[in-house]
Amino acid sequence: MQAMAQSHPNIALIKYWGKRDTAKNLPAVDSLSLTLGGLWTKMRIDLSNQLECDELIINGVNNESNLSRVSQCLDLVMGKNRKFAKIISECNFPISAGLASSSSSFSALVVAANAVMNKKSDTQLFASQAGNISGSAARSLLGGIVELKNISNTIKIKQLSNVTRWPLSVVIAITDKNKKSISSSKAMNLSSHSSPFYSAWIENQSPDMNEARLAVKEKDFAKLAAVSEHNCLKMHSVMWTTKPSVVYWNAATLNCMHAIRDLQQSGEPVFFTMDAGPQIKAVCLPENETRIIKRLAEIDGVESIMTSSLGEAPTSSTQL
Ligand code: 2P0
């Protein structure tokens with residue numbers, strides 16, 4: 001039996017940083033994200049009686065370092081008595097570099113694993129399974145603009161806007177394709193124990209969520225820009241004040257931020273966000289995308305540019 005799934009990564013505008021339950025991987029705060037249609041992960045699962053263990057191949061290369069997390073995800077969805085699987089993953093963007101590859105990878109894996117078991121599609125269940133392995137992956141189960149809420153001992157996801165209601169573009173300036181120095185999981189765990197700003201971060205998330213939700217409802221770009229940049233810089237302040245400090249930015253990241261601020265000064269509707277990595281994402285309106293690409297491409301240290309409109313929920317197919 002074989003199943004394939006394709007899923008898009010998402011970037012949070014109102015971020016998740018820290019867990020309220022590490023065993024269940026439950027986030028400490030609610031979050032809000034954009035699903036990125038231009039970026040994708042394709043995941044194929046082949047179940048076989050011939051295999052003696054799981055095998056993982058990412059972009060054509062055997063991958064040992066992510067195998068245990070992938071096997072853990074398959075155990076969660078399929079049960080521990082499952083057959084071993086060959087998992088073949090393909091991604092059209094750099095992985096483990098702050099471009100949310102775990103969100104597209106684990107959402108695709110959960111969808112493919114359920115498909116290979118012939119399980120009926122269940123977005124909330126799939127989101128909680130994906131979230132159990134990677135907090136951000138839960139949000140990739142829906143397209144457009146997505147909210148993740150903490151509900152008692154689980155999470156719920158909700159689409160706030162579909163891909164056509166409020167089309168937004170994301171211009172991604174890649175400033176370093178290398179693997180990040182510390183994983184998000186490890187870094188956020190350190191932050192929760194050592195940053196003096198961590199408690200303030202948790203306490204102030206709810207007003208940011210309310211503001212962003214309202215901005216999406218009203219399609220108010222300036223409102224979404226202001227709260228998103230504020231929330232992003234607040235998360236990075238928590239990272240910077242972690243012991244030892246977690247600094248994902250490089251010089252080009254900062255230069256891109258200044259360039260985006262200059263564009264804002266000249267009246268351009270654009271704003272920045274950065275995750276656990278040095279890449280900068282500029283959110284803008286589709287009609288202005290070309291100008292933003294041109295400006296960011298001129299900056300020293302920008303290695304390449306990717307662009308994305310909003311993307312849809314994952315898709316899957318099976319084969320005997
Ligand atoms: C987010 N990030 O909301 C935030 C912003 C990175 C910075 O969710 O520990 O790799 O596996 O649940 O899913 C990092 O994502 O973290 C993350 P884990 P994950 O997108």
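Quick note: residue numbers are just sequence positions, from 1. All heavy atoms count here, side chains included; hydrogens, waters and symmetry mates do not. Every number for a ligand or one of its atoms is a count from 1 in the order of the listing.
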Closest protein heavy atom to [atom], given as residue, atom name and distance to 0.1 Å:
atom                    : result
atom 5 (C) of ligand 1  : Asp275 OD1, 3.3 Å
atom 15 (O) of ligand 1 : Ser136 OG, 3.3 Å
atom 14 (C) of ligand 1 : Ser184 OG, 3.3 Å

Please indicate whether any nitrogen or oxygen in Asn25 is less than 3.5 Å from any nitrogen or oxygen in ligand 1. yes
Considering distance alone, does some N or O of Tyr16 sit under 3.5 Å from an N or O of ligand 1? yes
Winner among Pro9, Ser101, Gly135 once heavy atoms are compared against atom 12 (O) of ligand 1: Gly135
Given Met274, Arg139, Arg69, Lys15, identify the one with the heavy atom nearest to atom 1 (C) of ligand 1. Arg139
Please determine whether any non-hydrogen atom of [X] lies less than 4.0 Å from an atom of ligand 1.
X      : answer
Ile133 : yes
Ser102 : yes
Ala276 : yes

Which of the atoms in ligand 1, numbered in the order shown and given with their element, are less than 4.0 Å from a heavy-atom of Lys19? 9 (O), 12 (O), 18 (P)
If you count the atoms of ligand 1 from 1 in the order shown, which ones are under 4.0 Å from a heavy atom of Met235? 5 (C), 7 (C)
The single option from Thr41, Ile95, Val70 that satisfies side-chain contact (heavy atoms from CB on, under 4.5 Å) with Ile58 is Ile95
side-chain contact (heavy atoms from CB on, under 4.5 Å), paired with Leu74, selected from Ile45, Leu47, Ile133: Ile45
What are the two closest non-hydrogen atoms of Thr273 and Ala12, and how far apart are they? OG1-O, 3.7 Å
